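A quick write-up on the structure given underneath.
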Amino acid sequence: MRKRVLPALLSVALGVGGGAVGAGVVMMAQPAVETKPAYANPMIGQPVAKGGEEIADLVERVGPAVVNIDTVSRRQVPQMMMNPFSLEDFFNGGPSFQRRQQSVQQKGVGTGFIIRENGLIVTNNHVVAGASELYVTLPDGRKFKGKLVGTDPGTDLALVKVDAKGLPSLKLADPKSLRVGQWTVAIGSPLGLQHSVTAGLLSAMGREVSLNNRVNFLQTSAPINPGNSGGPLLNMQGEVIGVNTAVAARAQGIGFAVPVETVLRVVPQLEANGKVDRAWLGVGLRDLPEDRQAMFYPTDSGVIIAQVDPRGPSAKAGLLEGDVVLQLNGKDLKNAHDLIVAVNAMKVGEKVSLLVSREGQKKTLQITLGQMPARLAEASNQQQMPEEGE
């Protein structure tokens, strides 16, 4: 069931166990693919000078490519309306009422960043979801009407285009260059305060956050607030290492960003097709119980196959309910999240090898990943991501 979104933010409970963070988070919007050279701006991607002013120098260089996104949407809300007063009402004690739907206009604000000089912009899906109008404002004051190119609620990423040329753009970092403890800079529009700058550390990588089980998030100590959604998390070379997405509601200095590895994989698909074709195993998953007995689950890690879709690729390969998946392509799996994230990063038609334990015996199955049916992808997206902020 989708939760009601409070003005400018949404609180979501995080899961516990399997490395998940046990705290509330707030979605912040008023709510291996190679990097193409066209995504890079060589001027912006240069390292900044060392010294006390290096963050200021970085912001001066990359700031022109960070934009403010204003959205307008309409939502139907129930309202009690009085029927026209009639003689019958007079004798029955007064006017009667009936429930009607009324269209209400809502405005939102978020952040985005330009990755192409022709006006291609990355932001969060929850910034633009449901918007009937998009407006992009550059730091120099220029304002453009935006067009939605593509969305992927499953990773909370979206692509917006404005009709312009020669715009400053940001370079996407090499995912292999990320290191826990490195300095990070966030630029965005928290609470509508355009082009605010904060700095902190890359606190952790591969965070499991239950608001989206398809992404291993980056954690940063750079202060992030509602309205920062969709803005860039940068390294000290001015390269984008993530897209700021959420913040822990009951903590300080715990923010989450979609990692650049996911951006590099999703953005080309959004640009080409407007959506992402999601790989599919065709199974329901469950973590191993903490109180498991060795006679039933003779393993300390893995994923229980709780359900097998008879029409899915796993059924065709012989995977059965009750099997425990130990490895995917030779890599150990701790829990269901590991398997979901791994498959999400793969392509439709790709062949994978699963090592499973069945009644105490190990066997290897070869499975060709199918395409997730639209009905399942939509249902899964609705469960994971919030409605746009009010």
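Keep in mind that this is a model prediction, so the values were computed, not measured.
In the hydrophobic clustering of this structure, Val180 groups with Val258; members are Ile, Leu, Val, Met, Phe, Trp, Tyr whose side-chain heavy atoms approach within less than 4.5 Å, directly or through other members. Neither Ile340 nor Val209 shares a network with the other; the hydrophobic side chains, linked directly or stepwise wherever heavy atoms of I, L, V, M, F, W or Y lie under 4.5 Å apart, form separate groups for each. Linking ILVMFWY residues whenever their side-chain heavy atoms come closer than 4.5 Å, directly or via other members, places Val343 and Leu333 in the same cluster. In terms of hydrophobic clustering, with Ile, Leu, Val, Met, Phe, Trp and Tyr side chains grouped at heavy-atom distances under 4.5 Å, Leu369 and Trp280 are assigned to different clusters. Neither Leu355 nor Leu285 shares a network with the other; the hydrophobic side chains, linked directly or stepwise wherever heavy atoms of I, L, V, M, F, W or Y lie under 4.5 Å apart, form separate groups for each.
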### Task
Would you sort out whether Ile114 and Leu120 count as a side-chain contact (heavy atoms from CB on, under 4.5 Å), showing the intermediate values?
CA-CA 6 Å; Ile114 305 169; Leu120 202 62; 6.0 Å; no

### Message
Determine whether Ile254 and Gln219 satisfy the following criterion, side-chain contact (heavy atoms from CB on, under 4.5 Å), listing intermediate values before the conclusion.
### Response
CA-CA 6 Å; Ile254 300 180; Gln219 179 185 329; 4.0 Å; yes

### Intermediate values then yes/no, side-chain contact (heavy atoms from CB on, under 4.5 Å), Val247 and Asn225
CA-CA 7 Å; Val247 62; Asn225 294 281; over 6 Å; no

### CA sep, side-chain torsions, deciding dist, call: Leu319, Val356, side-chain contact (heavy atoms from CB on, under 4.5 Å)
CA-CA 9 Å; Leu319 197 64; Val356 304; 3.8 Å; yes

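Taken to the nearest 0.5 Å, the OG atom of Ser353 stands 6.0 Å off from the CG atom of Asn329. In this structure, Lys147 NZ and Leu134 CG are separated by 12.0 Å, a value rounded to the nearest 0.5 Å. Note that CG of Asp277 is 12.0 Å distant from NZ of Lys347, once rounded to the nearest 0.5 Å. In this structure, Phe217 CZ and Glu208 CD are separated by 11.0 Å, a value rounded to the nearest 0.5 Å. Interatomic distance, Leu270 CG to Leu157 CG, rounded to the nearest 0.5 Å: 7.0 Å. Distance CG/Leu178 to NZ/Lys176: 12.5 Å, rounded to 0.5 Å.
Looking only at distances, a side-chain donor or acceptor of Lys161 sits under 3.5 Å from a matching main-chain atom of Asn118. Looking only at distances, a side-chain donor or acceptor of Asn244 sits under 3.5 Å from a matching main-chain atom of Pro232. Of the possible polar contacts, one joining the Ser221 side chain to the Leu201 backbone as a donor-acceptor pair under 3.5 Å is found. Between the side chain of Asp338 and the backbone N or O of Val341 there is no donor-acceptor pair closer than 3.5 Å. Between the side chain of Asn273 and the main chain of Lys275, no donor-acceptor pair closer than 3.5 Å is present. Although no hydrogens or angles enter the test, the distance criterion places no donor-acceptor pair under 3.5 Å between the side chain of Asn124 and the main chain of His126. No side-chain donor-acceptor contact under 3.5 Å links Thr111 to the backbone of Gly231. Checked by atom type and distance alone, the side chain of Thr137 never pairs as donor or acceptor with a backbone atom of Lys143 at under 3.5 Å.
By the 4.5 Å heavy-atom criterion applied to side chains, Pro259 and Val215 are counted as neighbours. With contacts defined as side-chain heavy-atom distances shorter than 4.5 Å, the pair Leu58/Leu234 qualifies. Contact annotation: the side chain of Leu326 never approaches that of Asp332 to less than 4.5 Å [non-hydrogen atoms, C-beta and beyond]. Within the 4.5 Å cutoff, the side chain of Ile367 has heavy atoms near those of the Ser314 side chain. No side-chain heavy atom of Asp70 sits under 4.5 Å from any side-chain heavy atom of Val72. Inter-residue side-chain proximity for Asn228 and Ser196 is flagged as unmet; no heavy-atom pair is nearer than 4.5 Å. Between Ile55 and Met236 the shortest side-chain heavy-atom distance falls below 4.5 Å. Looking only at side-chain heavy atoms (C-beta outward), Val122 and Leu159 come within less than 4.5 Å of each other.
A 6.0 Å sphere centred on CD of Gln366 holds more than 12 heavy atoms belonging to other residues, nucleotides or ligands. Applying the 6.0 Å contact sphere to CG of Asp163 captures no more than 12 heavy atoms from other residues, nucleotides or ligands. Residue-environment remark: CD (Glu321) exceeds the threshold of 12 foreign heavy atoms within 6.0 Å.
Smallest separation of non-hydrogen atoms from Val240 and Val260: O-CG2, 3.4 Å. When all heavy atoms of Leu328 and Ala342 are compared, the closest pair comes out as CD2-CB, 3.4 Å. Heavy atoms only, all atoms of each residue included: Asn235 and Ala173 are closest at ND2-CB, 4.0 Å. For Gly230 against Thr123, the heavy-atom pair with the smallest separation is CA-OG1, 3.6 Å. In this structure, Ser73 and Ser132 approach most closely via the heavy-atom pair CA-OG, 3.8 Å. Of all heavy-atom pairs spanning Val162 and Lys145, the tightest one is CG1-O, 4.1 Å.
Counting only N and O atoms by type, the side chains of His337 and Asn216 include a donor and acceptor under 3.5 Å apart. Of the N and O atoms on the side chains of Thr220 and Thr184, at least one donor lies less than 3.5 Å from an acceptor on the other residue. Neither side chain, Thr245 nor Asp156, offers a donor N or O lying under 3.5 Å from an acceptor on the other.
Residues Arg278 and Asp152 are paired through a salt bridge, judged by an N-O separation under 4.0 Å between the basic side chain and the carboxylate.
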